[in-house]
Amino acid sequence: MGFYLTFFSNDMRSFIYAPLRLDNESLGMIVLAKSRPKSFIDADKNVLATLANQIAATLKTRNLVKEQQEKHILEERNRIARNIHDGIAQNLAASILQLESSKRMLHNEPSNSEHYLNRCMDHLRTTLWEVRNSIYTLKPAQKNQAGLIPAIHKKLRSFEQETEISIQFNLKGKPYPVSTMVERTIFDIFQESAQNSIKHSNAKNIIITLYYNTDEILLTISDDGVGFSLFHEMIKAESEPHFGILQMNEIAEKISAYLDIRSKENEGTTISLSIPKLESEVVSHD
């Protein structure tokens, strides 16, 4: 026991220790000391053993949470890479082809040339939109930022500069702390759903509600746009694997959340994300 005696004063005469072990893995040990010789009783040993087991379980949980966060970061990077490949890169390639076609027709068919130029500008606007979103996702979070709600407000201001659609945000209930992973999921689904409404729905109004209930966090994004066939959209998602319905559902499942998408043609779309509060609390010990 001499290797740990140096951590105690010289008047300590009685020592007991308990290893921190979990699943045959040694994580450390706890050592207690008293000044009176042989002063520890069986009850002290039992309490120390229980404490050691609890600490070992806590350390193991922290390691698992860290591994899960690292896995989530890797998956997020892969998702961004897919977005760049499937969206930005393809839009740029299409723009180049349209510019080349426009150049060839500039003198002989000026009307067709203008058509290709207009299509090219539309592709470039979409590409700029996706680049800005990728930059936001890649930008490391600053510790002095206030969190999810300010990030949503900041993104809403960005939306307002790029569209004339009326966007209303409602915050209900009293916000409580959740993990970074939960915040990231809420923000990603809010951002993707709102962007889809702005870009594809021809909506005049979008209503976003974030509700902190006693037993769940509920996010809803509703628009009064043209709607879509969920069946056809799922088939499309299989052949065009960019960030969309399937990916939103995947990231929701990672935090044991439930994603509900309701849409009918010409009747608008409502997307709801429900996160049980228990899951938020369990995940939030990071």
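Since the model is a prediction, treat every value here as computed from it, not as a measurement.
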Are the side chains of [X] and [Y] in touch, meaning some heavy atoms are under 4.5 Å apart?
| X | Y | answer |
| --- | --- | --- |
| I198 | I167 | yes |
| Y211 | N170 | no |
| K45 | D42 | yes |
| N205 | Q168 | no |

Testing [options] one by one against [X] for a side chain to side chain contact (heavy atoms under 4.5 Å, CB included), which residue passes?
| X | options | result |
| --- | --- | --- |
| L32 | L48, V47, L51 | L48 |
| D223 | S197, S193, S263 | S197 |
| S274 | L219, L218, I217, D215 | L218 |

Can you tell me how far apart [atom1] ([X]) and [atom2] ([Y]) are? Round to the nearest 0.5 Å.
| X | Y | atom1 | atom2 | result |
| --- | --- | --- | --- | --- |
| I275 | I186 | CD1 | CD1 | 4.0 Å |
| E253 | I251 | CD | CD1 | 10.5 Å |
| I16 | F40 | CD1 | CZ | 4.5 Å |
| F169 | I221 | CZ | CD1 | 10.0 Å |

Answer yes if [X] and [Y] sit in the same cluster of Ile, Leu, Val, Met, Phe, Trp and Tyr residues linked by side chain heavy atoms under 4.5 Å apart, and no otherwise.
| X | Y | value |
| --- | --- | --- |
| I255 | Y212 | yes |
| I208 | Y258 | no |
| V182 | F187 | yes |
| I189 | F159 | yes |

message = Between I149 and L210, does the side-chain contact (heavy atoms from CB on, under 4.5 Å) criterion hold? Intermediate values first, please.
response = CA-CA 9 Å; I149 309 303; L210 182 59; 3.6 Å; yes

side-chain contact (heavy atoms from CB on, under 4.5 Å) assessment of D44 paired with K34 = CA-CA 12 Å; D44 296 327; K34 290 184 179 181; 3.7 Å; yes

Derivation and outcome, side-chain contact (heavy atoms from CB on, under 4.5 Å), residues V226 and F228: CA-CA 7 Å; V226 297; F228 59 89; over 6 Å; no

Closest heavy-atom pair, V178 versus E183, reported as atoms and distance to 0.1 Å, is CG2-CG, 3.6 Å

Test log, rule side-chain contact (heavy atoms from CB on, under 4.5 Å), inputs R184 and M181: CA-CA 5 Å; R184 182 77 255 180; M181 186 181 296; 5.6 Å; no

